[in-house]
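For reference, the structure is listed below as structure tokens.
So that the names make sense, note that chain A is the first sequence line, chain B the second, and so on, each numbered from 1. All values below come from the heavy atoms of this structure, side chains included, with hydrogens, waters and symmetry mates left out.
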Protein chains: 2
Amino acid sequence: LSEIESIKKETMNTVLTFKDNQVTIGPDQPFVVIGERINPTRRKKLAESMKNGDFSLIQKDAARQIAAGAQVLDVNAGIPGVDESALMRETLQAVMEVSDVPLCIDSANPEAVQAALEIYPGRALINSSTAEEKMLTKIFPLAKEYNAAVICLITDENGIPATAQARLEVARKMVNRAADFGLSTEDLIVDCLAMTVGADHTAGKTTLDSISLISEELGVNINLGASNVSFGLPDRKVINVAYLAMAIARGMTAAITDPTVPDISTIILASDLLMGRDQFGMNWIKAYRERNQSS
Amino acid sequence: LSEIESIKKETMNTVLTFKDNQVTIGPDQPFVVIGERINPTRRKKLAESMKNGDFSLIQKDAARQIAAGAQVLDVNAGIPGVDESALMRETLQAVMEVSDVPLCIDSANPEAVQAALEIYPGRALINSSTAEEKMLTKIFPLAKEYNAAVICLITDENGIPATAQARLEVARKMVNRAADFGLSTEDLIVDCLAMTVGADHTAGKTTLDSISLISEELGVNINLGASNVSFGLPDRKVINVAYLAMAIARGMTAAITDPTVPDISTIILASDLLMGRDQFGMNWIKAYRERNQSS
């Protein structure tokens, strides 16, 4: 059993790079935070400055997130009415000037993804492909050509499956289709899609069950954009913080979130400690000292 | 599969009563908090008052814990040099005067446990038996005679097993020995023993793995005294809060803890919400309103 387990764990390591720097996502690694802040959606001031070719806010967000513990930065340049490929390149360039961590190219537009991959020096993460044929037949070949990893959203032509078992089947389909394009499980990170419990009180449980089922059955890394789960409810931060800890306990290995929110980075460090990924509690104690110095 | 699951879940319901009031511990029930405060250990003032026959502090603690959401109250009357059976009865009596929730009789002394069971009107919870023969051959017959449930600490003559698999075997031994005395799985709640991660950084993970393994394999409810895990580390409250959420995600159904600590009761409500045990988020929203009224 332990030999099988160790083989499975080895296949689950997903490596991202930027120039000489490397980040490994996997069940025996410290949890990886993908900083979500470089995104003009619902940030009017940021969108305006990006349109005007001013990337100083972007660069500040990059630096702040890295300082707060982001090991990867998500880069989104989608602004309605603006050429996404061109703006993605400019944004990426601006981030690369100040960042030494690997980047995650966030776009639903395969052309913008390709434009970014062409100038990225390393192994990037693509955010994302769905299980829809029209999407994955564009994204998976790009990932292969540019040696990138891909976040796989488990939604297909029929939408998001209602049960954990059905989500496993969609995830399995994506793993199999990825193999058709020469990608293996370590090139994929499955996003288990956290729907809001405000609309359906079983939504959180379904996603938690999907995380254990998919990571155990397919040996892939698991990602979540964990803040959606609390949409429409009061005291969202506590719900989000609880959900991060619960999803980590179930096998989530990375999340797209905001590390500059202190409660979020602290609960992730605590969860790592409790998952046995922080020897002697060194990271926990170091972060505690930093919190107390800065306050 | 779903039929097997539903059968398993049914066997996992543990019912406790006090007079006409009933609490059900189980995977489909709201998480059960067993209030830990009625305990003179390391509470000098409380111990002094109990010795002097003054139970007003005890009664205040009972009322405060129930108001904060405790569905069961743990009652410990162990003071060195004092007749535990007599003091247990007096303490229990005092708590029963002000409490309408089931009680948990907390003693390592089988005579004190029996003294309490004799006067308790309902189905109590005994805290606890170990897997040691000299202990379980006293506690299990008492549980059968007085129709009580028992918390089973998975430690035996060799101490606490190091791995989750070894803890499962000790738990299995307890389930089998309990059956010899006429007790079934719904009469047992297994305590998976949270050791401090400060001394061994894998201790938290081992306990989390024990929770899933034992609840899935044996179909028993799982309890934890969750605050020990952070012993010796800074910012213990965050670690404890993260651990509660993680253990609930793994299948813990009850915990002996202090519901009067706001962060603890809030994280438990959030975890229930995310486990699909709070329809329409009604408990979450109600507690949010109460928090905002009182502050």
Side-chain angles (χ1 to χ4, degrees), chain A residues 1-2 163 165 194 196-209 211-212 229-230 232-252 262-263 266-282 284-285 287-289 291-292, chain B residues 1-2 163 165 194 196-209 211-212 229-230 232-252 262-263 266-282 284-285 287-289 291-292:
Chain A
L1 181 73
S2 65
T163 66
Q165 192 63 43
T196 172
V197 287
D200 170 8
H201 75 285
T202 66
K205 178 71 160 39
T206 301
T207 299
L208 291 173
D209 290 344
I211 292 170
S212 352
V229 77
S230 60
L233 289 165
D235 234 349
R236 291 187 64 177
K237 198 165 70 177
V238 183
I239 302 174
N240 293 347
V241 152
Y243 206 51
L244 281 168
M246 296 172 90
I248 291 172
R250 286 295 193 96
M252 174 172 73
D263 285 359
T266 305
I267 206 80
I268 287 171
L269 283 169
S271 302
D272 260 347
L273 175 69
L274 293 163
M275 288 293 280
R277 301 190 288 226
D278 182 6
Q279 206 162 2
F280 310 117
M282 283 172 69
W284 178 256
I285 292 165
Y288 169 76
R289 288 189 182 141
R291 278 199 298 281
N292 283 27
Chain B
L1 181 72
S2 65
T163 66
Q165 193 63 43
T196 172
V197 288
D200 170 6
H201 75 286
T202 67
K205 178 73 162 36
T206 301
T207 299
L208 290 174
D209 289 345
I211 292 170
S212 351
V229 76
S230 59
L233 288 165
D235 234 350
R236 292 187 64 177
K237 198 166 69 176
V238 183
I239 301 174
N240 293 347
V241 153
Y243 206 53
L244 281 169
M246 296 173 89
I248 290 172
R250 285 297 192 93
M252 174 173 73
D263 285 0
T266 305
I267 206 80
I268 287 171
L269 283 170
S271 302
D272 259 347
L273 176 69
L274 294 163
M275 288 295 279
R277 300 189 289 226
D278 181 7
Q279 205 161 4
F280 310 117
M282 281 172 69
W284 178 255
I285 291 165
Y288 169 76
R289 287 188 182 141
R291 279 199 297 281
N292 284 28

CD of B:Q279 to CG of A:D200: how many Å apart, nearest 0.5 Å?
9.5 Å

How close do B:S271 and A:M246 get, heavy atom to heavy atom, and via which atoms?
O-CE, 3.6 Å

Would you mind telling me which of B:L274, B:I239, B:I285 has the largest number of heavy-atom pairs within less than 4.5 Å of chain A?
B:L274

Mind ranking B:A242, B:A247, B:A270 by heavy-atom pairs under 4.5 Å with chain A and telling me who comes out on top?
B:A242

Check each atom of B:D278 against the heavy atoms of chain A and say whether the ones under 4.5 Å are side chain, backbone, both or neither.
backbone

For the residue pair B:L233 and A:L273, establish whether any side-chain heavy-atom pair is separated by less than 4.5 Å.
yes

Tell me, for B:F280 versus chain A, whether the close heavy atoms (under 4.5 Å) come from the side chain, the backbone, both or neither.
backbone

If one checks every heavy atom of B:L208 against chain A at 4.5 Å, the contacting part turns out to be side chain

Would you check if B:W284 and A:D235 make a side-chain contact, meaning some heavy-atom pair closer than 4.5 Å?
yes

Among A:G204, A:G276, A:G281, A:S212, which residue has the highest count of heavy-atom pairs closer than 4.5 Å to chain B?
A:G276

